[in-house]
Trainee: 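Got a structure here, written out as structure tokens. Questions coming.
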Amino acid sequence: MAGKTYRQAINEAILQEMRRDSTVILLGEDVAGGTGAGGEGDAWGGPMGVTRGLVSEFGVGRVLDTPISEAAYMGAAIGAAASGLRPIADLMFIDFAGVCFDQIVNQAAKYRYMYGGQDKIPLTIRTMMGAGLGISSQHSQSLYPIFSYFAGLKVVVPSGPYDAKGLLISAIRDDDPVIFCEHKALYEMVEDVPDEPYTIPFGEANFIRSGGDVTIVAMSSMVHVATKAATELARQGIECEILDPRTSSPLDTESILESVEETGRLVIIDESGPRFGMASEVAAVVAEEGFALLKAPIIKVTPPFVPIPAAPNLEQLYIPDVAQLIVAVNKVMES
Amino acid sequence: MSIGQLTPLTMPKWGMAMTSGTVVEWLVEAGARVTRGDEILEIETDKTIVAMEAPGDGELSRQVAQPGDELPVGALLGVLTEGEADEVEIDAFVNKFRSHFIPQEAGEEVDLAPSRVEIQGISIAYRKYPAAENGSGLPILFIHGFGGDQNGWMFNAPEFAEQRTAYTFDLPAHGESSRQVGAGTLSSLATLVADFMAALVIPRAHIVGHSLGAAIAVELAVQNPHQAASLVLLSGAGAGTVVDNKYVEGFIAAQRRPQLKPYIHQLFADPTFVTREMIENVLKAKRIEGTGACLDKIAEASIYSVEDAVPEDKLSQLEMPALVIWGGQDQVAPLGQTAKLPANTDLHVFEQAGHMVHIEAASELNAMIRKFIENY
């Protein structure tokens, strides 16, 4: 076991699965880099360099640079999945999902159901989300709750390198379409990651920290905001339990309720929007199934209901932070 | 110790991940006489509360740390004085210690990753806890049980460094060792341990085994009597009943936290020892590809086929002294029949502990092992 970045963990998961299973292919914009452009082959590996090195081992037959048409390559990936391959389609930014939305939600998600289970779509869509890089409104959104709406899709939101590798291997081996949402602010994060392949089951929350006063539900990069806030709050004598659901669909409501049963207080911090988002969903589950457990009203800590600003100072104000979470926790503690 | 010898009492490091601890309370008044091994101070870690023992004889002349203080590993907690020392000397000692102390930064863990050695083609992860300067005693080697790993010894192995070097390692297909087990029989695992000792140039050691590790230790001692100076057998050989196959099968099959949780709970008498982090760590090891098949193989070869929990024939062959330890509340291998133990074998039962006696009764057990092996 060695320290690996989120980027390396994802690359290693793809590499090991491509070695293990010759039906696994990778396609998307710039995933190889330079192919057909007369430039240096394998120079890119996507804008964040996540898939760098793969085309050298597996060749352009299995690592395919596609034209800039999400609708075209997503359709191709779904067709490939329906006809026996196990594709990983790279949707560079989740914000671009609109261009291939029909392919994903009307074709991939419903295929197995509509054909009575006679066929399957073992497709993984890797995509990048999250604010913080100053790349404006159409490249920074955390749209994973949109996909969690659809029955037939599984949605994975890893918060660190260990989870990223194990969940991506589970995604690639899954026989249903999985949307794998990488947070662009996490690629440099380092954690111990086993060298061997391993799988983490979907729908199993990770208890990041135990504490008896308040339950904090957080996903993706918000887990780290929650960890910092909990350390600070512990100095004030407030013990927070941090729960990372790891996947928004399926959602481990059992663990969330188990924790709220112990604490009686719930704060949800999330980078997706304040309306119809992840925080709203978790709040609804607990209000519906665990209302009697609550000692105080649930608080959601989310960005404001605005497009994401490009100006770095405004963008930082947009992203939920440690100070806001501490205020929210103190507030639930007062009740 | 010479006259006027001052010894710093410092925040211990129980486990690789421990970077700090919180003082709960002093168990001994300032100024009181203590004897080596006495419990003097309770310390809370992320995982549990453990009593710290006096490292030597003397007077607890200063309680520097106060209840509630959270201090980094290595920080000064108090001063132990053997012989005469006045307040001025003690003040000077405390000030000097403080001005020289550099706390280890979180994340600066140099020894977080275990070392590795290849034995019979299997990569074995291990840790060495080197003896203190004057610690010239025979080394002590710890063998963990089925489904566990070397981190289970975090409250034990570091506590022997004053007298001797301690070694822990992950059995094949456990912890961070590679997912290969060979035949998976007690005999093949014992050979692997013997080869491990040879590779690390440990000609002879005191062997402490827990559960399956105790059975391996007995096998090792029968095969290679010269390698084991003494045996400490915890919850695994010499008493007790045969482990229920259903328990082992269920443990291997459990893939998720809610499935695994009851199996981990059964290991302890006191449920507060079981943390979610502990369960997640067991799951982390089990998730690695190939683990299930390897555990099945070990269980088939070394657990399911064992008909006699009390291998008297083997115990009676032992040439070295042995100490058999059991937890009175063991639910996995309950204390039932007791073997007719050979003359040089003692049995001790910790009434309040469960199967994980080395965690639940760590400081008492450490003291008992220390006393036992000192004679050999």
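Remember, predicted model here, so these are calculated numbers, not experimental data. Per chain, numbering begins at 1; letters A, B, ... match sequence-line order.
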Trainee: May I have all residue pairs that pass side chain to side chain donor-acceptor pair (under 3.5 Å) and include part of residues 235-246 of chain A, sequence neighbours excluded?
Mentor: Ser159(A)-Asp244(A), Asp163(A)-Arg246(A), Glu232(A)-Arg235(A), Glu241(A)-Ser259(A), Glu241(A)-Arg276(B), Arg246(A)-Glu280(B)

Trainee: Would you say Lys228(A) has more than 12 foreign heavy atoms packed within less than 6.0 Å of its NZ?
Mentor: no

Trainee: If the threshold is 4.0 Å, N to carboxylate O, is there a salt bridge linking Glu258(A) and Lys261(B)?
Mentor: yes

Trainee: Between Lys284(B) and Tyr198(A), is NZ or CZ placed under 6.0 angstrom from the six-membered ring centre and within 45° of the ring axis?
Mentor: no

Trainee: Listing request: all salt bridge (charged side-chain N to carboxylate O under 4.0 Å, His left out) pairs with a residue in residues 288-303 of chain B, at least two apart in sequence or in separate chains.
Mentor: Arg173(A)-Glu289(B)

Trainee: Quick check: under 4.5 Å, non-hydrogen atoms only, which of residues 201-224 of chain A neighbour chain B?
Mentor: Pro201(A), Phe202(A), Gly203(A), Glu204(A), Asn206(A), Phe207(A), Ser210(A)

Trainee: Taking atom CD of Glu289(A) as the centre, does the number of heavy atoms from other residues, nucleotides or ligands within less than 6.0 Å exceed 12?
Mentor: yes

Trainee: Quick check on Arg116(B): does its CZ atom have over 12 non-hydrogen neighbours (other residues, nucleotides or ligands) under 6.0 Å away?
Mentor: yes

Trainee: Looking at every heavy atom in both Ile200(A) and Arg287(B), which two are closest together, and how far apart are they?
Mentor: CG1-CD, 3.8 Å

Trainee: Between atom CG of Asp195(A) and atom OG of Ser178(B), what is the distance when rounded to the nearest 0.5 Å?
Mentor: 11.0 Å

Trainee: Suppose we screen for ring pair (Phe, Tyr, Trp, His ring centres under 6.0 Å). Which residues come up paired with Phe251(B), at least two apart in sequence or across chains?
Mentor: none

